[in-house]
**Q** 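Next up is a structure, given as structure tokens.
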Amino acid sequence: MTNPRANGLRSVADQSEDERGGPGSILSRQSRDHADLDALMRAYDAEPDADARGRVVAELAERALRHAFAEETVLFPAYRQHLPEQGEELTAHIEGDHQQVNDLLEELQDADPRSPDYDALVRRAFEVIRHDAHDEEDDLLPRLQQVASAEELRAIGAAWEVQRRTAPTRPHPRVPRRPPGNALAAVPLAVTDRVQDAAEHLAGARGARRAAAAGALAAGAVLAVLAARALRRR
Ligand SMILES: [Fe+2]
Ligand SMILES: [Fe+2]
């Protein structure tokens, strides 16, 4: 893999928002979300209580997975379209990292934050997430910037954001990392993930007030599933 600092390109991390194409550009949106992920990783480091650490990891996992899913369905296909010669190698490498993150977060989902192995698993996930952000900010995004207009970068940014908001919230290591497989799976997985999320809230994991909101979400999600089934039967 290219040494990011030796590729002759300016990292997104060293550019102003204007240089990145404005706040809506995919470069700015990625940069902000990477910073939020980094803040959650540092919050984990600063938290001494095991249960609270588990909650930080759950929040980080959801955010990182939605971020990555939207990359796999929107950003990477756009990158391969703009750079058909060199797009394959770099996106295949990053998709491999995303696969590792999905595998590790699936393990962590069922692990006890008080268990001796938990922290080691978290550290491995953090390492891959940080490496992934560097590959994108130092390599993939500056290369895309060279061949796409600011308007195109903003259009990719808007599409990535829409996909991020509606993406599945849980790890799915056995779903393909590329379209059309991941795109086809997105809607049903997003619904089933939210039903599971809501069920966990209802079980009292996150307090009574959030459970009430989750109940409404669960009812909505179940209705959506029933409506989808009814439509399929027609
Ligand atoms: Fe990524
Ligand atoms: Fe990213």
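All ligand and atom numbering here is 1-based and tracks the order in the structure. Quick note: numbers below take in every heavy atom, side chains included, and nothing from hydrogens, waters or symmetry partners.
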**Q** Test of geometry: compute the angle OE1(Glu136)-the Fe ion (ligand 2)-NE2(His34) and round it to 10°.
**A**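 Angle OE1(Glu136)-the Fe ion (ligand 2)-NE2(His34): 90°, rounded to 10°.
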**Q** Against Thr169, only a single residue in Arg66, Gln196, Arg63 fulfils side chain to side chain contact (heavy atoms under 4.5 Å, CB included); can you say which?
**A**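 Among Arg66, Gln196, Arg63, the one meeting side chain to side chain contact (heavy atoms under 4.5 Å, CB included) with Thr169 is Arg66.
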**Q** Around Gln109, counting heavy atoms of other residues, nucleotides and ligands shown, do more than 12 lie under 6.0 Å from its CD?
**A**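 Counting neighbours around CD of Gln109, more than 12 heavy atoms of other residues, nucleotides or ligands fall under 6.0 Å, so yes.
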**Q** How about Asp132: does one of its N, O or S atoms come closer than 2.8 Å to the Fe ion (ligand 2)?
**A**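 Asp132 does not place any N, O or S atom closer than 2.8 Å to the Fe ion (ligand 2).
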**Q** Classify the angle between the aromatic ring planes of His93 and His131 as parallel (below 30°), tilted (30 to 60°) or perpendicular (above 60°).
**A**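 The rings of His93 and His131 stand perpendicular, inter-plane angle above 60°.
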**Q** Is the ring pair His34/His67 parallel, tilted or perpendicular, if the boundaries are 30 and 60 degrees?
**A**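 Tilted, since the angle between the ring planes falls between 30° and 60°.
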**Q** Answer yes or no as to whether an N/O/S atom of His98 is found below 2.8 Å from the Fe ion (ligand 1).
**A**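 Yes, since at least one N, O or S atom of His98 sits under 2.8 Å from the Fe ion (ligand 1).
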**Q** Where do Arg80 and Glu95 land on the salt bridge (Lys or Arg N to Asp or Glu O under 4.0 Å) test, with the steps shown first?
**A** CA-CA 13 Å; Arg80 287 190 290 267; Glu95 285 158 354; 3.1 Å; yes
**Q** Taking 2.8 Å as the cut-off, does Asp97 contribute an N, O or S atom near the Fe ion (ligand 1), distance below it?
**A**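 For Asp97, the answer is no, given that no N, O or S atom comes within less than 2.8 Å of the Fe ion (ligand 1).
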**Q** Could you identify the N, O or S atom of Glu71 positioned closest to the Fe ion (ligand 1)?
**A**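 The Glu71 atom nearest to the Fe ion (ligand 1), restricting to N, O or S, is OE1.
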